[in-house]
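Nothing fancy with the numbering, it's 1 onward along the sequence. Note: hydrogens, waters and symmetry copies are ignored here, and every other heavy atom, side chains too, is used.
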Amino acid sequence: MIAACSQSAGVVCAHRSLAPSQARATLNRNISVSPRILHARSSASASRGRRLIISKTAMAPPPEKVAAELATGVESSAEWKALQAHVAEIEKTHLRDLLHDAARSDLLYQEHKSEHGTIIADFSRQRVTAETIKLLVDLADKVDMRGKIDKMFGGVHINTTEDRSVLHCALRAPRDAEVLADGKNVVPEVWEVLDKIKDFSERVRSGEWKGATGKTIDSVVAIGIGGSFLGPLFVHTALRTDQPSADKSKGRTLRFLANVDPVDVARALNGLNPETTMAVVVSKTFTTAETMLNARTVRTWLKAELGEGAVAKHMVAVSTNLKLVKEFGIDPNNAFGFWDWVGGRYSVTSAVGVLPLALQYGFDTTEQFLKGAHDVDEHFRTAPFEKNMPVLMALLGVWNISFLGYPCRAILPYAQALSKLAPHIQQVSMESNGKGVTIDGKPLPFEAGQIDFGEPGTNGQHSFYQLIHQGRVIPCDFIGLVKSQQSVYLKGEVVSNHDELMSNFFAQADALALGKTPVELRSENVPDSLIPHKTFTGNRPSSSLMLPDLSAYTTGQVLALYENITAAMGFVWGINSFDQWGVELGKVLASKVRTTINTCRTKHRRVGPSDGFNYSTTRLMDKYLEGKAQLLYPEPADVFPCDLIDSETCRPPTSYS
């Protein structure tokens with residue numbers, strides 16, 4: 001028996017003790033509506049979704065209490081043990097046999113319809129049966145997946161170590177929606193920022209906003225790192241060859257500067273005219289070390305060419321620290337805020353991504369991206385688990401990792417425009433779920449977290465598919481498009497270029513699933529000596545996703561799909577998918593190294609035992625300093641590649657290609 005809803009989440013419960021199937025049926029009916037409704041009453045979502053009644057209390061429960069509620073202890077449950085026992089049954093099966101079962105294939109085929117077309121998901125090449133899906137849904141019920149989703153969308157502080165809500169869903173909510181954080185509807189604040197971005201981007205794009213010399217801004221450099229870079233870059237790469245988006249970005253340039261490596265600075269600025277360039281500095285606190293060093297570098301570049309007053313016209317900020325923004329020289333009126341309930345890797349639908357994207361493509365295009373993300377958010381929030389794409393993909397991920405022992409996932413888009421999807425999802429997934437303890441601080445007793453990588457097809461086929469086919473078993477997500485962003489067909493060719501690409505999309509999934517047996521090879525007269533080398537075991541799991549096209553809207557859908565998959569996997573494992581303490585230790589140690597390097601350069605000495613580093617690090621740092629050109633930090637001189645700033649102290653640039 002499970003609880004249909006959680007009173008501690010602030011949800012008024014009508015049923016407290018129902019069987020899983022009864023609970024899901026109850027939760028999928030509309031409940032009477034109070035003055036506080038979690039999401040917009042749009043006809044699309046209201047017709048298919050359920051409504052949540054939010055309590056009027058604004059008092060957030062203590063983080064320790066929330067953590068205790070979110071912790072699962074799932075490994076000792078009957079549902080977990082049932083899945084462990086079920087592995088033996090699956091080991092007796094092979095996908096080449098399972099794929100002959102039409103009823104099973106129908107069960108594992110999903111469609112998600114929207115006004116922009118249908119997303120198709122086919123899970124029939126996963127090593128599962130109808131019984132597996134039933135057991136996985138039972139596991140979701142056991143860990144109160146529905147209640148946890150409600151807590152997230154309801155503003156409960158499920159990021160317990162930082163005592164914060166997790167409300168990136170609010171960033172793409174409709175204007176008339178209501179999403180509560182600590183009892184306050186945050187949607188009006190979100191739209192206040194969006195309206196400000198719309199006004200600003202339209203003034204820049206129309207030429208009303210002028211640079212310091214009176215010229216129109218046509219180039220933007222977005223300066224940020226981590227989620228402030230990977231997410232916006234993914235979306236930009238997806239849209240730049242979408243014809244409607246490309247039409248709106250004609251004559252405009254958007255670049256990203258993330259790495260503190262000076263080569264990245266040189267490449268980001270190479271060929272740009274300071275008179276027509278604007279920098280967007282993205283740092284919530286305006287203290288991120290790499291971002292602020294890059295921002296100071298770009299500021300120096302602008303000032304050297306345009307004078308001291310250039311910053312106000314050529315630099316804007318995405319930050320909440322208006323004091324530091326002003327001290328930097330940026331007009332606080334040109335700062336665009338976001339909130340502590342937005343995690344960095346989930347921030348692309350905030351001003352972090354919306355501002356540079358709106359400057360490049362216009363606000364209307366960027367708003368379509370937000371609407372696509374909201375569509376999948378609503379699907380995740382309301383759909384029954386058996387028909388819920390993010391939940392099913394999350395459960396299949398847990399099955400592959402924690403039960404079948406496959407720790408990796410290859411994200412394989414057969415669309416070059418999605419080439420930056422895998423790097424972004426690497427951060428979303430691995431920073432979220434790369435944890436060794438449960439949300440209440442206990443060591444995880446099972447394998448969790450996923451190693452993500454990927455490359456667009458067919459490039460990946462000529463890179464790492466050899467290992468996927470005949471080496472380690474790596475579950476794959478194949479992603480294809482019904483309609484390509486660009487159509488090419490050459491006279492005399494058997495198929496169009498996109499048909500050729502999609503032929504590989506269909507074939508590779510089957511090759512992994514079916515393999516090739518020694519019997520088949522002998523029937524083809526393959527020499528016995530080559531049969532072991534040409535045998536493919538098959539039985540290698542994958543999922544196939546097919547999008548109607550790749551537009552701003554469907555790009556938003558893909559983003560929200562993987563964000564919600566990540567959250568749902570964390571909910572099953574009972575971990576905090578929304579903090580990232582693992583990245584902090586390196587930052588602390590880097591600060592110590594930075595101080596030591598400055599001291600050694602300034603005082604012309606080697607790194608010594610008194611600096612507190614181990615023998616290996618001390619030697620490596622010394623070798624590094626020995627090989628550097630002489631540079632005394634106390635000397636007040638700016639050193640740039642010659643073709644960026646023409647000065648006596650410039651140094652030859654490296655290749656920009």
Side-chain angles (χ1 to χ4, degrees), residues 67 70-77 79-80 83-84 87 126-128 136 139-140 142-143 145 148-149 152 158-162 166 168 226-227 230-231 343-346 380 390-412 421-454 464 467-468 472-477 540-543 559 561-587:
L70 295 174
T72 60
V74 67
E75 72 282 356
S76 60
S77 69
E79 291 79 3
W80 186 274
L83 281 162
Q84 287 178 319
V87 170
Q126 292 286 344
R127 296 187 63 194
V128 296
L136 287 169
L139 183 68
K142 174 62 180 178
V143 301
M145 175 78 77
K148 291 178 179 180
I149 294 172
M152 183 171 78
I158 63 171
N159 179 356
T160 55
T161 62
E162 297 177 296
V166 176
H168 45 275
L230 292 167
R345 56 193 173 275
Y346 297 97
F380 177 56
V391 169
L392 281 175
M393 292 182 75
L395 292 174
L396 290 169
V398 170
W399 169 246
N400 284 330
I401 296 164
S402 299
F403 295 94
L404 296 183
Y406 306 146
C408 297
R409 173 178 61 183
I411 299 172
L412 308 172
L421 172 64
H424 177 49
I425 301 308
Q426 277 183 331
Q427 186 196 13
V428 171
S429 169
M430 296 170 72
E431 193 169 86
S432 294
N433 291 338
K435 308 294 169 60
V437 298
T438 62
I439 195 168
D440 55 348
K442 298 174 183 175
L444 280 174
F446 47 77
E447 291 294 323
Q450 197 162 41
I451 303 166
D452 284 305
F453 69 98
F464 50 79
L467 183 144
I468 291 176
R472 295 178 182 273
V473 177
I474 299 176
C476 301
D477 286 357
R540 293 164 183 258
S542 69
S543 297
L559 173 79
L561 175 67
Y562 277 96
E563 286 181 343
N564 289 320
I565 290 168
T566 301
M569 292 176 79
F571 291 156
V572 174
W573 285 321
I575 60 180
N576 186 350
S577 299
F578 308 104
D579 62 7
Q580 57 283 325
W581 299 106
V583 305
E584 300 300 323
L585 178 58
K587 291 180 181 179

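- Looking at every heavy atom in both residues, P475 comes nearest to C408 through CD-O, 3.3 Å.
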Can you list, pair by pair, the side-chain donor-acceptor contacts under 3.5 Å of residues 440-447, counting residues two or more places apart and other chains?
from	atom 1	to	atom 2	distance (Å)
D440	OD1	T438	OG1	2.4

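- In terms of heavy-atom proximity, I565 sits nearest to P390 at CG1-O, 3.6 Å.
- Between I439 and I158, the shortest heavy-atom distance links the atoms CD1-O, 3.7 Å.
- In this structure, Y346 and F578 have tilted ring planes: the angle between them lies in the 30° to 60° band.
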For F453 and I474, what are the C-alpha separation, side-chain angles and deciding distance, and is it a side-chain contact (heavy atoms from CB on, under 4.5 Å)?
CA-CA 10 Å; F453 69 98; I474 299 176; 4.0 Å; yes

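- Looking only at distances, a side-chain donor or acceptor of S76 sits under 3.5 Å from a matching main-chain atom of G73.
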Worked check of side-chain contact (heavy atoms from CB on, under 4.5 Å) between Q450 and Y406
CA-CA 9 Å; Q450 197 162 41; Y406 306 146; over 6 Å; no

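- Within the 4.5 Å cutoff, side-chain heavy atoms of E162 are placed close to those of Q580.
- The two atoms that bring I401 and P407 nearest to each other are CG1-CA, 4.4 Å, heavy atoms only.
- Across every non-hydrogen atom of L230 and Q427, the tightest pair is CD1-OE1, 3.6 Å.
- For the atom pair I575 CD1 and K435 NZ, the distance stands at 6.0 Å (nearest 0.5 Å).
- Within the model, atoms CD1 of I411 and OG of S543 stand 11.5 Å from one another, a figure rounded to the nearest 0.5 Å.
- One side chain, Q126 or N400, offers a donor N or O that lies under 3.5 Å from an acceptor on the other.
- Contact annotation: the side chain of I149 approaches that of F571 to within less than 4.5 Å [non-hydrogen atoms, C-beta and beyond].
- Residues V166 and H168 come closest through the heavy atom pair CG1-CE1, 3.6 Å.
- Taken from OG1 in T566 to CG in N433, the straight-line distance is 6.0 Å, to the nearest 0.5 Å.
- With values rounded to the nearest 0.5 angstrom, M569 atom CE is found 13.0 Å from N564 atom CG.
- R409 contributes atom CZ, which lies 4.0 Å from atom CG of D452 (distance to the nearest 0.5 angstrom).
- For the pair R540 (side chain) and R472 (backbone), a donor-acceptor distance under 3.5 Å is present.
- Counting heavy atoms from C-beta outward, M393 and D477 have side chains that approach closer than 4.5 Å.
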Assess whether side-chain contact (heavy atoms from CB on, under 4.5 Å) is satisfied between V74 and W573, documenting all intermediate values.
CA-CA 7 Å; V74 67; W573 285 321; 5.9 Å; no

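- Within the 4.5 Å cutoff, the side chain of C476 has heavy atoms near those of the I468 side chain.
- One distance of note links CZ of R345 with CD of E431; it measures 4.5 Å at 0.5 Å rounding.
- L559 has its side chain within reach of H424: a pair of non-hydrogen atoms, C-beta onward, lies under 4.5 Å apart.
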